Amino acid sequence: MATSFSVSLLKFSQNPNTTTTTTTNTLSFLQPNHSFSFRPTNPYLPRFFTTNDNGNASFDNSHPRFSRSHGLSSLPLSTNHYEHMQFFDNSSEVELRVHLKDQNVRSSKDVFVDANETSLTIRALNSGSPTTLIEANRLFDRVKPAETIWLIDDDQLVVILKKQDPDLKWPDIMESWESLTVGSSQLLKGASIYIVGESTNINQQVAKELAVGIGYTPFSTKELLENFSKQTIDSWVLSEGSDSVAEAESAILESLSSHVRTVVATLGGQQGTSRRADKWRHLHAGFTVWLSQTEAIDEESAKEEAKKHVQDGGSGYSKADVVVKFQGCDTDHHAKSLAQACLSALKQLILADKKLPGKKSLYIRLGCRGDWPNIKPPGWDPSSAGDGVSPATL
């Protein structure tokens, strides 16, 4: 019997009084008989579920795997008609060059390009029969569909797409683990990432994958606490209680809050600081991702469950910048998929407000006083109430 593993990403407003979900994605896998395979018919492509701000839903099957060399991207195409596709980022636009080789494509009139803001399909008439050349359902970022142009250059099909955001450098044409890890530095700008959730083990596995992928330093508060106390967390809880462990982890997080380019795995369960809403002062020093396991039977249910948890605010986890819902317990084989989901959600969050990394840095410089996201000017006393001072600006 197949076991399932799925991931739902939810990005929420930075305004604590706003609980509207702005972007949702879901990554679904099947794991029959403990051997990994994707659910979609195309073996390269995991399945994503996306909703936009208006609540309209669509499915996409993006994320083929890339290998990069000297600024070019080699894309294994499911049609197997072409050896590779070259990709170039030219600041305000991106360019694709598909080698046609022996295909009987005589002119650009034989090519049909369907470009939407976040997807691209290219078909061609080959000896009178339509052939799908490229079907990319999740581009790295949005394009301007009306300004798409294409032409035939010798034995290459050239497609030029106008970027919505000319300042964002595209590592590849599609969003994948490789493109996300390469592109993360320009987005995060050194800001750290904190992984929170009920499972300490899952937090550690995902944090390690993230750190390796983006070149950050991994930390585990569990390992730091056990090395300091010379005992296991379970023994500590039995001897002194979970409150003692939570206080000690809070002190560790205070020390780590001044670090940059780190991925910190926090404790899960009752002893974890992140579960306690009054202990988030230093967690706000970086971007926080809540890994939340669900028993929802479909993507829509998982999305609604996550929204309800955040709106209820009953747990400290609801303060996280990003919620990643996942189903299944075999994270040993899927930690990288969860890490990719985290990066995808963080990318969307930062692109929606590019000042966020700078605000995180400012929050650290001002002493992590607990005034996130409405940062107060220097000299603000967190113990004072109703100061009426406007938030600091970057």
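The shown structure was predicted, so the numbers you read here are calculated from the model rather than taken from an experiment.
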So does [Y] get a backbone contact from the side chain of [X], meaning a donor-acceptor N/O pair under 3.5 Å?
| X | Y | answer |
| --- | --- | --- |
| Ser179 | Met174 | yes |
| Thr148 | Pro145 | yes |
| Thr221 | Ala265 | yes |
| Tyr194 | Ala285 | no |
| Ser199 | Ile202 | yes |
| Asp154 | Gln156 | no |
| Asn116 | Thr118 | no |

Could you tell me the separation between the [atom1] atom of [X] and the [atom2] atom of [Y], rounded to the nearest 0.5 Å?
| X | Y | atom1 | atom2 | answer |
| --- | --- | --- | --- | --- |
| Leu139 | Gln164 | CG | CD | 11.0 Å |
| Ser229 | Leu224 | OG | CG | 10.5 Å |
| Glu209 | Cys342 | CD | SG | 11.0 Å |
| Leu356 | Lys189 | CG | NZ | 11.5 Å |
| Leu267 | Leu225 | CG | CG | 6.0 Å |
| Leu338 | Leu343 | CG | CG | 11.5 Å |

Exercise. Can you list the steps and then say if Val245 with Gln270 is a side chain to side chain contact (heavy atoms under 4.5 Å, CB included)?
Worked result: CA-CA 10 Å; Val245 176; Gln270 293 292 339; over 6 Å; no
Would you say that [X] contacts [Y] through its side chain, given a criterion of any heavy-atom pair below 4.5 Å between the two side chains?
| X | Y | result |
| --- | --- | --- |
| Glu198 | Tyr317 | yes |
| Asn90 | Val94 | no |
| Ser235 | Thr232 | yes |
| Thr288 | Trp280 | yes |
| Trp380 | Leu366 | no |
| His334 | Phe326 | no |
| Arg281 | Glu254 | no |
| Leu283 | Leu253 | yes |

Taking a hydrophobic cluster as the set of Ile, Leu, Val, Met, Phe, Trp and Tyr residues connected by side-chain heavy atoms closer than 4.5 Å, whether directly or through intermediates, do [X] and [Y] fall within one such cluster?
| X | Y | answer |
| --- | --- | --- |
| Leu168 | Ile160 | no |
| Trp150 | Ile122 | yes |
| Val260 | Val263 | no |
| Leu362 | Phe287 | yes |
| Ile152 | Val113 | yes |

For this session: Take Ser344 and Glu175, measure what side-chain hydrogen bond (donor to acceptor under 3.5 Å, both in side chains) needs, and give me the verdict at the end.
Result: CA-CA 8 Å; Ser344 179; Glu175 183 185 278; 2.8 Å; yes
For this session: Kindly indicate, with the supporting measurements, whether the criterion salt bridge (charged side-chain N to carboxylate O under 4.0 Å, His left out) is fulfilled by Lys376 and Asp381.
Result: CA-CA 9 Å; Lys376 305 298 190 298; Asp381 181 2; over 6 Å; no
Exercise. In terms of ring plane angle, is the pair Phe87 and Trp170 parallel, tilted or perpendicular, where the classes change at 30° and 60°?
Worked result: parallel
Exercise. Going by the angle between their ring planes, with limits at 30° and 60°, are Phe219 and His259 parallel, tilted or perpendicular?
Worked result: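 Rings of Phe219 and His259: perpendicular, over 60°.
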Looking only at heavy atoms, what is the nearest atom pair of [X] and [Y], with distance?
| X | Y | value |
| --- | --- | --- |
| Arg123 | Thr121 | NH1-CG2, 3.2 Å |
| Ser274 | Gly197 | OG-N, 4.5 Å |
| His282 | Cys368 | ND1-CB, 3.7 Å |
| Ala248 | Trp236 | CB-CH2, 3.5 Å |
| Asn203 | Gly268 | ND2-N, 4.3 Å |

Exercise. Side chain to side chain contact (heavy atoms under 4.5 Å, CB included) between Asp243 and Arg276: does it pass, once the steps are laid out?
Worked result: CA-CA 10 Å; Asp243 288 346; Arg276 304 167 185 230; 2.7 Å; yes
For this session: Using a cut-off of 6.0 Å, state whether more than 12 heavy atoms not belonging to Lys319 lie near its atom NZ.
Result: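 12 or below, so no.
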Problem set entry | Other residues, nucleotides, ligands: >12 heavy atoms within 6.0 Å of Arg261 CZ | no
Problem set entry | Basic-acidic side-chain contact under 4.0 Å: Glu117, Lys144 | no
Problem set entry | Carboxylate-amine/guanidinium proximity below 4.0 Å for Asp141 and Lys169 |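 Salt bridge between Asp141 and Lys169, a charged N being under 4.0 Å from a carboxylate O: no.
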Exercise. Which is it for Leu161 and Leu120 under the side chain to side chain contact (heavy atoms under 4.5 Å, CB included) test, yes or no, and what are the steps along the way?
Worked result: CA-CA 10 Å; Leu161 303 167; Leu120 173 69; 4.0 Å; yes
For this session: Using the six-membered ring of Phe140, assess whether NZ or CZ of Lys347 lies under 6.0 Å from its centre and within 45 degrees of the ring axis.
Result: yes
Just by distance, no angles: are the side chains of [X] and [Y] close enough, under 3.5 Å, to form a donor-acceptor pair?
| X | Y | answer |
| --- | --- | --- |
| Thr273 | Glu249 | yes |
| Lys325 | Thr294 | no |
| Ser119 | Asn137 | no |

Problem set entry | side-chain contact (heavy atoms from CB on, under 4.5 Å) partner of Ile214, the single match among Val182, Leu187, Ile193 |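 In the set Val182, Leu187, Ile193, the residue that makes a side-chain contact (heavy atoms from CB on, under 4.5 Å) with Ile214 is Ile193.
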Exercise. Is there a salt bridge (charged side-chain N to carboxylate O under 4.0 Å, His left out) between Arg369 and Asp371 once you walk through the steps?
Worked result: CA-CA 6 Å; Arg369 301 168 302 182; Asp371 52 347; 2.9 Å; yes
For this session: Apply salt bridge (charged side-chain N to carboxylate O under 4.0 Å, His left out) to Arg97 and Asp153, showing your working.
Result: CA-CA 9 Å; Arg97 286 183 171 263; Asp153 182 15; 3.1 Å; yes
For this session: Evaluate the salt bridge (charged side-chain N to carboxylate O under 4.0 Å, His left out) criterion for residues Lys222 and Glu226: first the C-alpha distance (whole Å), next the side-chain angles of each, then the deciding distance (0.1 Å), finally the verdict.
Result: CA-CA 6 Å; Lys222 176 179 183 290; Glu226 289 182 342; 3.3 Å; yes
For this session: Apply side chain to side chain contact (heavy atoms under 4.5 Å, CB included) to Arg275 and Ser242, showing your working.
Result: CA-CA 12 Å; Arg275 188 169 184 173; Ser242 59; over 6 Å; no
Problem set entry | Worked verdict on Ser220 versus Gln204 for side-chain hydrogen bond (donor to acceptor under 3.5 Å, both in side chains) | CA-CA 6 Å; Ser220 164; Gln204 287 178 310; 2.7 Å; yes
